[in-house]
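Data first, discussion second: the structure below is written as structure tokens.
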Amino acid sequence: MGKTDSFYQQSFISIDQIQSLTQVEDLFAKAELMKEMVENKTVYEPLLGYCVAILFYQPSTRTFSSFSTAARRLGAYTTAIHGMEEYSSVSKGETLPDTIRSIYQTTGADVIVLRHPDDDSSEVAAKFSPVPVVNAGSGKREHPTQALLDLFTIQQNLGRMDNLHVVMVGDMLYGRTIKSLAKLLTVVGKKNKVTFVAPDELKTPKALVLELTKRGMKVQETTDLTEVISSADVLYMTRVQKEWFEAANKIDEYERLKLKYILTQKLVKQMKKDAIVMHPLPRVGEIEEVVDIDIRAKYFVQMRSGLYVRMALLESILLG
Ligand code: NCD
């Protein structure tokens, strides 16, 4: 696709940058090739000589390991720093713009991958970065690469990206993955429908519901999972985001809400035979471990999609 690739030399800040099905299909075609090569242990190093800097200001297992591995499998040098909030000069009061410019200078990075607790962190970073920035999770607002890997998982397992009833459960207020995924679903299918299941305290922000509706999506909200579980094609569980309750001094509320929805074996039995269960992980009690062996549980293979999609994305950004 070369330099006409829509991701080429662009920052990837928001899922709103994905505006057509073709964009997704092109990226997923690349991700499929990456999958094949990883599975066959094919050495493919188009990014030899390039450098990918990865800066994480929040905890991560999957996103961090898959981004750094994606870069290295493609042959790039990586400078991957975890615990930025604690161990970098940020703890001395350095601003994000200065850190971004410093990392660019010290590493010669060609792209900077950033996870940060501020909603607008990736936008700010992109403004000051001489090279593209990739959002690996920004505050409560966005997690665009997670949305792409989630959709890739759906496509791989259900064979379609339209005509889906996606039931999202848990923390719709603070969770960022569901926000990016819901928006992406409006782009790839006119007949996709989303149901948000959350306690009143953790309801989906009104602005997002309005935006989805404006884009023509059917959106439903409920507090009762049992009411909708049997019609789900995708059951997308999420954890209640403890860190934001801590920040707001509301830990009692967290304790009260954290296990409001638990996916039990009994509940899974009510699901369609060909539905799938997803979770961005980490899970902290909201999916019973016995569910793991159910054929519909896809939250472990879902993670692997992250490697393929992030490889595809890094290649698209750097080489087109
Ligand atoms: C998610 C995140 O960081 O937003 N994790 C992930 O990247 N897979 C979900 C979460 O932390 O609950």
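In this chain, numbering begins with 1 at the start of the sequence shown. All ligand and atom numbering here is 1-based and tracks the order in the structure.
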The one among Arg62, His143, Lys140, Met303 that brings a heavy atom closest to atom 7 (O) of ligand 1
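The nearest heavy atom belongs to His143.
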Who gets closest to atom 5 (N) of ligand 1 by heavy atom: Leu149, Leu281, Val284?
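The nearest heavy atom belongs to Leu281.
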Testing Lys218, Gln220, Glu221 for side-chain hydrogen bond (donor to acceptor under 3.5 Å, both in side chains) with Thr195, which one passes?
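Of the listed options, the one satisfying the test is Gln220.
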Side chain, backbone, both or neither: Gln58 near ligand 1, heavy atoms under 4.0 Å
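The answer is neither; Gln58 stays 4.0 Å or more away.
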What part of Pro282, side chain from CB on, backbone N/CA/C/O, both or neither, has a heavy atom under 4.0 Å from ligand 1?
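For Pro282, the contact with ligand 1 is made by the side chain alone.
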Test Tyr236 against every option in Val277, Leu181, Val169 by the side chain to side chain contact (heavy atoms under 4.5 Å, CB included) rule and name the one that passes.
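One option only clears the test, and that one is Leu181.
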For [X], counting its heavy atoms only, list the atoms of ligand 1 lying under 4.0 Å from any of them.
X: Thr63; value: 6 (C), 7 (O)
X: Arg239; value: 10 (C), 11 (O), 12 (O)
X: Arg176; value: 2 (C), 3 (O), 4 (O)

What protein heavy atom lies closest to atom 8 (N) of ligand 1? Include the residue and the distance to one decimal.
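Protein heavy atom with the smallest distance to atom 8 (N) of ligand 1: Pro280 O, 2.8 Å.
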Would you please name every residue forming a side-chain hydrogen bond (donor to acceptor under 3.5 Å, both in side chains) with Arg176, sequence neighbours left out?
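Testing Arg176 for side-chain hydrogen bond (donor to acceptor under 3.5 Å, both in side chains), a comparison that skips the adjacent residues, returns Gln58.
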Within 45 degrees of the axis of the six-membered ring of Phe56 and under 6.0 Å from its centre: does Arg115 put its NZ or CZ there?
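Not flagged: Arg115 not positioned over aromatic ring of Phe56.
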Members sharing Leu259's hydrophobic cluster (side chains within less than 4.5 Å):
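ILVMFWY cluster around Leu259 also holds Ile262.
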Using a plain distance cutoff, I'd like to know if Gln146 has any nitrogen or oxygen under 3.5 Å from a nitrogen or oxygen of ligand 1.
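Yes: some nitrogen or oxygen of Gln146 is under 3.5 Å from one in ligand 1.
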Evaluate Glu211 against Arg215 for salt bridge (charged side-chain N to carboxylate O under 4.0 Å, His left out), listing each step before the verdict.
CA-CA 6 Å; Glu211 171 67 22; Arg215 292 183 185 198; 2.7 Å; yes
Quick check: closest heavy atoms across Pro144 and Ser180, and the distance to 0.1 Å?
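In this case the closest contact between Pro144 and Ser180 is N-OG, 3.8 Å.
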